[in-house]
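First the proteins, then the strands, lettered A, B, ... as listed; each starts at 1. Just so it is clear, the values below take in all heavy atoms, side chains as well, and ignore hydrogens, waters and symmetry mates.
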Amino acid sequence: MTGAAPTLLDMVPGDVAALVVTPPGRGERYAALLHRGTCRTAPLADVVAMAASLEREAAPRWVWWSAEDAAAPLVDARIPLARAWDVAEAHRLLHGGWSAAPGECWAAAHGIPVEDVPSPPTDDLFEFAGREDAPADPDSPVDVRGHLRGDHEEWRTDPAHLEAWGRAALETAHLQHDRATATGPRVAGTVHSESAAAVLCLELRRDGLPLDRSRTEELVAASAGPRPETEADERQTRRARDERVLRHVPGRESTDLRNPAQVREMLLAVGVDVPNTRKWVLEPYRTVHPVVDALLDWRRDERIATTYGYRWLDAHVGPDDRLRGRWTACDGAGGRMTAENGLHNLPAALRPGVAAHEGHVLVRADLGQIEPRVLAVVSGDVAFAAATRADDLYAPVAQRLGVDRPVAKVAVLAAMYGQRSGAAGEALAGLERAYPVAMALLDRAYDAGRRGEPLRTWGGRLIPTGRFLTSSPAGADPALDAARGRFARNAIIQGAAAELFKAWAATVRATTRDLGAEVVLCLHDELLVHAPMEHAAEVAVQVDQALEDSARRWAPGAPVRFVADTSVIARWSDAKD
DNA sequence: CGGTGAACGTA
DNA sequence: CGTACGTTCACCGA
């Protein structure tokens, strides 16, 4: 396979197909497929079959209000979707934030006030018909003020209305495309990539993360005790866990360890006076009094018992030993992916439980030093870009600054993320001299954030800083302004890194599918691909190739090198290489 | 019952 | 060495 497979990242204009569906839970579902001037409306299962053959024959760019809405039935039918324009993801990119209901997308695309989007009717439709913003034409999706009708959820349950609903999606997508190309050279490409990520999110939910169930249960048992048979059993285990802490504080056995105020009081009674009971505050006191050590161990075990215990296993791990949760293609800030049910915050202690199934391997790859490399791209700092030629970027930076590597690393991270004080101070001055272009970009972002001005990431995502911590406007509170500044400085780096990551993940998805591989985890700079053992080496090659291809598309001509550490393993916890 | 903050897991 | 997210718990006020 050498790049012949179509990917969602190709900028192929022209052949567009829209898919709209009636909402679930209201009797038989219908769908409409609009392609090359024709519209076919039919029961959902029939349209899914049509979509499958259209994908096979033409691989059009699918337009939908959102992947969750329309692509889910296609993903469930295992149709390998290649290209999409996701109206909701385009809206989030172009206008910022996370909210992207059809009415908002339509209004923003048409340049009419989003505040005036009609709310859905609360109870009876009779009352809605009397509202002054009610549509004049019962068959039109648009009301008298040019907004999408507020009752569209109800209105589009009528299959006769699906064609108009699909045309509204197409109209929105075309307006978004115009706005994207007017906004910047990379924005439409980012929409393609983000739309692919949204489809990937549905596949991640469908496929799940493969676990070794018995190994995972062993790891849970090590912290939470054996699986309780009854509720009394569970209470007993819990009491025993509490007792291992409370035995160190005779006379205070009634302390509720789950209540921070009581814990603080208990600690004060044994001479440990702390402002709060957070882990990093208590850590130095581990050796001062045995109750602190016992408490911190208790917290670790309690976390696994409550959040990642038997209830979690039973609720989210299917009979096929796959951990499933919902995924979103972007959060509300910089645009990272998010996941539910612990997929993004599984404690490292449970990672040995994540394992390839029979006949398969995990191809694990993580991007090395992604954020400073991204800074080199988005700032266009030629000197800093030169440092990315090294596998370890901090080595040439240290050499240029005349400091030790750890100092250089702390200085670069401090420059990107905040604190301009402390040990890194002197090296920071060196950074300003050696890489003034990169440092100036970070300073500009910080200043724009402090003033409450919006920014855009490299790929074009709008970062609104004015609405950040909405309580007061910029200029009213210096502490809040500084927080906005730090947020902005971080968002342009984290957000751009998220864009490159998603382009990479979407490319891997497209180029390894025919090898029987599935992307099963996306973790900000790390990918896990579940692949048949016999294709392990080829998948690993494709993962590395995908990084080169997506980086070149994301930053054409940039003299910046990105590196992935790729390995074929049985368990997530296995050593690299 | 819903919202908030503490706490902590991940990057 | 800052930012982001999701989950659980206790508490608060309705």
Check: A:D544/A:T566 side-chain N/O donor and acceptor closer than 3.5 Å: yes

Give the rounded distance in Å between these two atoms: [atom1] of [X] and [atom2] of [N].
X      : N     : atom1 : atom2 : value
A:L350 : C:dT7 : CG    : P     : 16 Å
A:H524 : C:dT3 : NE2   : P     : 16 Å
A:R258 : B:dA6 : CZ    : C1'   : 15 Å
A:R303 : C:dC9 : CZ    : C1'   : 9 Å
A:W98  : C:dC5 : CH2   : C1'   : 13 Å

Base, sugar-phosphate or nothing for [X]? Non-hydrogen atoms, less than 4.0 Å.
X      : answer
A:R336 : base
A:Q494 : base
A:L413 : base
A:R299 : sugar-phosphate
A:A348 : sugar-phosphate
A:R351 : sugar-phosphate

A:T307 side chain near C:dT8 phosphate (N/O to OP1/OP2, under 4.0 Å): no

Contact under 4.0 Å: A:R486 side-chain N or O vs C:dG2 OP1/OP2: no

Geometric cation-pi criterion, A:R351 with A:W572: 6.0 Å, 45°: yes

cation_pi(A:R373, A:F384) dist<6.0 Å, angle<=45: no

Pair A:H91 and A:W98, ring centroids less than 6.0 Å apart: no

